[in-house]
Amino acid sequence: MIYQRVALIGLGLIASSMFWGIKRQGLAGEVRGFARSEATRETARRIGLCDVVCDSAIEAVTDADLVVLAVPVGAMGAVAAEIAPHLKPGATVTDVGSVKQDVIDTVGPHLPEGVDFVAGHPLAGTEHSGPESGFAELFDNRWCLLVPVEGAAPKAVADLRALWEGLGSNVEEMEAEHHDLVLAVTSHTPHLIAYTMVGVADDLRRVTDSEVIKYSAAGFRDFTRIAASDPTMWRDVFMTNKEATLEILGRFTEELFALQRAIRTGDGDHLHDYFTRTRAIRRGIIEAGQDTDAPDFGRGASR
Ligand code: NAP
């Protein structure tokens, strides 16, 4: 057991997966949870999500050794302000937000002396959200990036690392700014591109008489899966990781224009070389164990 008492604030995909994972390995004595809506709290009680479901965030964090902020990035600051006066001295606060610098800037100033803040981001997820979408295996063999905030005690970082390792993850520490750039490339910009492609197809649907949906082929289907992700979460990601996303989008647009020109001028060599290079990246991801080459990417029908 790493922590006596853990508090999960927000009870969606990530928090519920953490709860089932904590139970799987016995990583904490007691897990308390809080979600802002009565409906989510009731669902949590019905499915046995958390040992205790509290009716306030303050009740949930009281006496907790670890507090996990698992709400959309744009909501982290307000939650931190509410709970800060009620944190136990010596407690650790962490988060699971997809953007790190903004969370550190908005949460950090609220936290009192004697509380360690170690920001975090599990690189694991699905397009589903809510208290019923979680499962214990979500973090198995996935990365979890930790961003210890200046002054955080080494023991607080070590304990949080042990928790994520217990949840099945490989843990690495990273600077916030670097994290946000890496994620802009690997996650945030690809999501924006998927949203755009599905939006374009939706516009075209009107002129193609629903054929886009009926004959939906693998490429487009994968985009729709990504573009089904939670609108609030992704709005907040782009509102808070502005600079890095705009930087990567700029580069993306330049490459897209180069490919567009190659198509227009019939430069097949350019296209072939480009696609050969990108194919190697896919092979690298599979070799690194971060995806499978099964036709459905090993995700199965239910996730
Ligand atoms: P989720 O399933 O949509 O759950 C979000 C939770 O936050 C819900 O319990 C919701 O409460 C609560 N919430 C929403 N808006 C709030 C607000 N304004 N104030 C207080 N609570 C609020 O979300 P999730 O996928 O678990 O994501 C949680 C965090 O993990 C986000 O910061 C996200 O960036 C990060 N993350 C997500 C993924 C992913 O793929 N999904 C991966 C890695 C990290 P109600 O249920 O009561 O509405």
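Note that the structure is a prediction, hence the values are computed from the model and not measured. One-based numbering, in listed order, for ligands and for the atoms of each.
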Under the salt bridge (charged side-chain N to carboxylate O under 4.0 Å, His left out) rule, what do Arg46 and Glu132 come out as? Steps first, then yes or no, please. CA-CA 10 Å; Arg46 177 170 52 77; Glu132 294 183 276; 3.6 Å; yes
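- At a threshold of 4.0 Å, the pair Arg282-Asp291 counts as salt-bridged, since one of the basic side-chain nitrogens sits closer than that to a carboxylate oxygen.
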Can you list the steps and then say if Asp95 with Val68 is a side-chain contact (heavy atoms from CB on, under 4.5 Å)? CA-CA 5 Å; Asp95 76 297; Val68 183; over 6 Å; no
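- Remark: minimum distance from atom 40 (O) of ligand 1 to any protein heavy atom is reached at Gly125 CA, 3.3 Å.
- Gly12 CA, 3.2 Å is the protein heavy atom nearest to atom 4 (O) of ligand 1.
- Remark: minimum distance from atom 18 (N) of ligand 1 to any protein heavy atom is reached at Ala75 CB, 3.5 Å.
- At a 4.0 Å heavy-atom cut-off, ligand 1 touches Thr126 through the backbone alone.
- Checked for salt-bridge contact, Arg251 and Glu254 miss the test: no charged N lies under 4.0 Å from a carboxylate O.
- Shown in contact with Gly97 at under 4.0 Å from a heavy atom are these atoms of ligand 1, numbered in order with element: 32 (O).
- A cation-pi geometry, defined here as NZ or CZ lying under 6.0 Å from the six-membered ring centre and within 45° of its normal, holds between Arg277 and Tyr274.
- In the model, Ser37 has a side-chain atom that pairs as donor or acceptor with a side-chain atom of Thr40 under 3.5 Å.
- Between Ile9 and ligand 1 there is no heavy-atom distance shorter than 4.0 Å.
- Electrostatic pairing of Lys88 and Asp65 counts as a salt bridge here, judged by a charged N lying under 4.0 Å from a carboxylate O.
- Of all the listed residues (Ser98, Ala39, Ser229), Ser98 holds the heavy atom that lies closest to atom 33 (C) of ligand 1.
- Listed by number with element, the atoms of ligand 1 under 4.0 angstrom from any heavy atom of His121 are 43 (C), 44 (C).
- Close approach of ligand 1 to Thr40 (heavy-atom distance below 4.0 Å) involves ligand atoms 45 (P), 46 (O), 47 (O).
- Of the protein's non-hydrogen atoms, the one nearest atom 12 (C) of ligand 1 is Val71 CG1, 4.0 Å.
- Remark: Gln290 CD is packed, more than 12 non-hydrogen atoms of other residues, nucleotides or ligands lying under 6.0 Å away.
- An N or O contact shorter than 3.5 Å links Leu11 to ligand 1 by distance.
- Interface atoms of ligand 1 facing Gly10, defined by a heavy-atom separation under 4.0 Å, are 9 (O).
- Closest to atom 20 (C) of ligand 1 among all protein heavy atoms lies Arg36 CD, 3.8 Å.
- The pair Arg45-Asp51 fails the salt-bridge criterion, with no side-chain N (NZ, NE, NH1 or NH2) lying under 4.0 Å from an Asp/Glu carboxylate O.
- What sits closest to atom 44 (C) of ligand 1 on the protein, heavy atoms only, is Val96 O, 3.1 Å.
- Where the criterion is an N or O separation shorter than 3.5 Å, residue side chain and backbone included, Ile14 meets it with respect to ligand 1.
- Using a 4.0 Å cut-off to heavy atoms of Ser129, the atoms of ligand 1 that qualify are 1 (P), 2 (O), 3 (O).
- Heavy-atom neighbours of Glu243 CD from other residues, nucleotides or ligands within 6.0 Å: at or below the threshold of 12.
- Trp164 has its ring centre less than 6.0 Å from the ring centre of Phe139.
- Among Glu173, Glu172, His121, Gln101, the single residue meeting the side-chain hydrogen bond (donor to acceptor under 3.5 Å, both in side chains) criterion with His179 is His121.
- For CD of Glu150, the number of neighbouring non-hydrogen atoms (other residues, nucleotides, ligands) closer than 6.0 Å is 12 at most.
- Of all atoms in ligand 1, numbered sequentially from 1 with element shown, those under 4.0 Å from a heavy atom of Pro122 are 43 (C).
- In terms of protein heavy-atom proximity, atom 25 (O) of ligand 1 is closest to Leu13 CB, 3.7 Å.
- Under 4.0 Å is where a charged nitrogen must lie from a carboxylate oxygen, and between Glu287 and Arg283 no such pair does.
- Close to ligand 1: Met76, with a non-hydrogen atom less than 4.0 angstrom away.
- Of the N or O atoms in Ala35, none lie within a sub-3.5 Å distance of an N or O in ligand 1.
- In terms of protein heavy-atom proximity, atom 47 (O) of ligand 1 is closest to Ser37 OG, 2.7 Å.
- Residue contacts with ligand 1 include Ala124, since one of its heavy atoms falls under 4.0 Å from the ligand.
- The distance from ligand 1 to the heavy atoms of Ala70 drops below 4.0 Å at these ligand atoms: 6 (C), 7 (O), 28 (C).
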